[in-house]
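Remarks on the structure that follows.
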12 protein chains.
Amino acid sequence: MSVFKMTEIVGTSKEGLEQAIQEALGRASKTVRDMHWFEVKEIRGTVKDGQVGEFQVRMAVGFKLDD
Amino acid sequence: MSVFKMTEIVGTSKEGLEQAIQEALGRASKTVRDMHWFEVKEIRGTVKDGQVGEFQVRMAVGFKLDD
Amino acid sequence: MSVFKMTEIVGTSKEGLEQAIQEALGRASKTVRDMHWFEVKEIRGTVKDGQVGEFQVRMAVGFKLDD
Amino acid sequence: MSVFKMTEIVGTSKEGLEQAIQEALGRASKTVRDMHWFEVKEIRGTVKDGQVGEFQVRMAVGFKLDD
Amino acid sequence: MSVFKMTEIVGTSKEGLEQAIQEALGRASKTVRDMHWFEVKEIRGTVKDGQVGEFQVRMAVGFKLDD
Amino acid sequence: MSVFKMTEIVGTSKEGLEQAIQEALGRASKTVRDMHWFEVKEIRGTVKDGQVGEFQVRMAVGFKLDD
Amino acid sequence: MSVFKMTEIVGTSKEGLEQAIQEALGRASKTVRDMHWFEVKEIRGTVKDGQVGEFQVRMAVGFKLDD
Amino acid sequence: MSVFKMTEIVGTSKEGLEQAIQEALGRASKTVRDMHWFEVKEIRGTVKDGQVGEFQVRMAVGFKLDD
Amino acid sequence: MSVFKMTEIVGTSKEGLEQAIQEALGRASKTVRDMHWFEVKEIRGTVKDGQVGEFQVRMAVGFKLDD
Amino acid sequence: MSVFKMTEIVGTSKEGLEQAIQEALGRASKTVRDMHWFEVKEIRGTVKDGQVGEFQVRMAVGFKLDD
Amino acid sequence: MSVFKMTEIVGTSKEGLEQAIQEALGRASKTVRDMHWFEVKEIRGTVKDGQVGEFQVRMAVGFKLDD
Amino acid sequence: MSVFKMTEIVGTSKEGLEQAIQEALGRASKTVRDMHWFEVKEIRGTVKDGQVGEFQVRMAVGFKLDD
């Protein structure tokens, strides 16, 4: 049967939440193959001049381990 | 006094989080009348080729029961 | 050493989640100076005619206290 | 062996917490038979002129499914 | 769009839970206008001679910020 | 895009945890079609003469809503 | 310095929540001296003929250990 | 009305989860009478040579106090 | 003093919960040495024809880092 | 009866956890009178050159409101 | 196989967190033998003149039951 | 934009909590560069002769991934 591993990453973006998620998956895909799903764990961000500086989305990503 | 019922649904979308929420409410409104509010319980999604395959938003929706 | 204070606010928007966050930070910046970061605590909203009426994002905002 | 189903409802009352719980059970008993137990999930309410407008008690109710 | 602020208070009463909630809202209404809702966070109390000394109800209260 | 609904059930068994899960799914499949996944929410049980009377497994089950 | 011990008890009552709390404290005071405070952990109950059968309040109670 | 007390125990077994639960109940029944129900709080275990050394199941057990 | 690292894995099995745990530990032992303990974080699974398709057990595993 | 208000602050220190707590209370005492108790909500910190840069302790502080 | 029991205690100290933990273990060792491990559940304290009055550390302690 | 990775480690020390945190960061810095922050997840320890054997602090550590 398959075994999966979870890794936790934080993506950041000035644009929005979806972009922060994509940013994190894009970077993770450079070193991890066969990612199957992600789960958002926390949404936070920095504030700059009374506005969002950057969105930070913390995610767990599950990928399949080779047999 | 009013009594409400909560139902839990999961909306999906390739576009973004707001679209997944709308998708779920649109489908629920076919069978449930008088929905008042929703609460996001979980945000997750699938990964395809190192990118978001689809966003999945799990929500509790509250609607009023007839007297 | 620095000391920070957390305040909890709820931003609302008909547009989306990022706009609700911005709305809350914009209003808070009228009375609070030196905000550093925010943390999303809850995402919910109202339903109107089977669609999102408004998004409501509850956030904790951290700002630095003067020495 | 028995199988149970949980349903989530919100009772409201201007009187108090016990009345809000009774209100919800009374309404639920119109459509659901054989309820066994309830669990309070959340207590909240509205405020009107600096006083409680109504108490809102969110509950999970367990009932037995027919064989 | 509206922005709300949450404040956290603890009401106490020798009578019961509803009275402790009312006590807290009554005191808060002296300095905060336009309270909309409350959420019970914790219920505890003191014990005196094997009986409840006082009930303590911790609540978050949401009020609307002026535009 | 697909929309899913979650329903919460409690399965019971004198044998073990897996049997309680199967018991619940078997009963649910009589009225719900197209179940996709389940999540265990709570494990408890009764005690009889210093031994397990029955195992009780509370589960959320996700099934696909027809378009 | 003082050391305290926490014990967990469940009080029941047909009357209401405060009575269930008092019931538990009264019984505990038969064997435990010097109780200082209690914390409500869970509120649930049984349902009988579409009404509350009994309220069940689960509490942690803290008492001082002798030096 | 009845008052119950909760006690927390950890059962261990090399066989499986159900056996660890039985192990704990069996030992508890030597000193505690009239146990009614148990709730699993945590499942963990030791690892030995890349395999489960023993399963450890942490449980709260509720028993009735004499009147 | 010793320092440990936690890694999160998901084991799957058609047989049962213990087998899913063993499956995950067996696969992890191929790349990680000196595993000491595991903690179950989540139990879920797939449904196929009204029955469990496979059990999925998510676990944190702690192993000792070399000095 | 007394009513209390909770405020949330984050103290920082290069020395240790107790100092970060003291730092926060010292700063809060400049503007808030009659503080009664504090509760640690989160412990985190920054890392600098492989060592703790500063400890950050997030606390809720309860103080009595004037009648 | 071994069976363990968990007991919950609160240690207090004017000095610091470690001392409050030691204080609690020292007192517990007077009546409980064979304690194996402890888990910190909550850190709080009293405030006196804008400073920590005493630290209070709530802990679960696990000890082995005789066979 | 930056992407961060979280890793979970457990530091141990006979001295105290701060030392256990430092111990973990020191070991982690041998293999991970560019650590930014840590978050304490759990504090526990062993008991030996009625005293703390060692403190164990479980932490999540965030470090920046190279672009």
Side-chain angles (χ1 to χ4, degrees), chain A, chain C:
Chain A
M1 298 293 295
S2 310
V3 176
F4 297 85
K5 191 175 187 302
M6 307 296 298
T7 189
E8 198 163 307
I9 48 179
V10 183
T12 62
S13 164
K14 289 185 174 155
E15 303 308 315
L17 302 174
E18 288 88 348
Q19 291 83 349
I21 293 171
Q22 291 281 19
E23 197 77 25
L25 292 180
R27 177 61 185 78
S29 69
K30 288 187 185 174
T31 48
V32 176
R33 286 185 311 159
D34 219 357
M35 294 189 288
H36 280 228
W37 82 97
F38 68 91
E39 307 167 15
V40 171
K41 292 293 180 195
E42 192 183 34
I43 297 173
R44 45 195 294 163
T46 56
V47 186
K48 208 170 166 177
D49 303 330
Q51 293 195 301
V52 175
E54 68 174 28
F55 295 98
Q56 301 164 333
V57 181
R58 188 167 170 165
M59 305 154 44
V61 181
F63 57 93
K64 194 157 166 264
L65 291 173
D66 300 329
D67 299 327
Chain C
M1 298 295 294
S2 309
V3 176
F4 297 85
K5 193 175 187 301
M6 307 297 298
T7 190
E8 197 164 307
I9 48 180
V10 183
T12 63
S13 165
K14 288 185 176 157
E15 304 309 314
L17 301 173
E18 288 88 348
Q19 290 84 347
I21 293 171
Q22 291 280 18
E23 197 78 26
L25 291 180
R27 177 59 185 80
S29 69
K30 287 186 185 175
T31 51
V32 176
R33 285 185 311 160
D34 219 357
M35 294 188 289
H36 280 228
W37 83 98
F38 68 90
E39 307 167 15
V40 171
K41 293 292 181 195
E42 192 183 33
I43 296 173
R44 44 196 293 163
T46 56
V47 186
K48 210 170 165 177
D49 302 330
Q51 293 195 301
V52 175
E54 67 175 27
F55 295 98
Q56 301 164 332
V57 182
R58 188 169 172 166
M59 304 153 45
V61 182
F63 57 95
K64 193 154 166 265
L65 291 172
D66 300 330
D67 299 327

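Naming convention: chains lettered A, B, ... in sequence-line order (proteins, then strands); numbering from 1 in each chain. Only heavy atoms go into these numbers, but all of them, side chains included; no hydrogens, no water, no symmetry mates.
Among pairs with a residue in residues 46-67 of chain A, none fulfils ring pair (Phe, Tyr, Trp, His ring centres under 6.0 Å), at least two apart in sequence or across chains.
Here A:I43 contributes atom CD1 and C:I43 contributes atom CD1; the two are 4.5 Å apart, rounded to the nearest 0.5 Å.
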Just by distance, which donor-acceptor pairs between chain C and chain A come in under 3.5 Å?
residue	atom	partner	partner atom	Å
C:E18	OE2	A:L17	N	2.8
C:Q22	OE1	A:V52	N	3.3
C:H36	O	A:V47	N	3.0
C:F38	N	A:G45	O	2.9
C:F38	O	A:G45	N	3.0
C:V40	N	A:I43	O	2.8

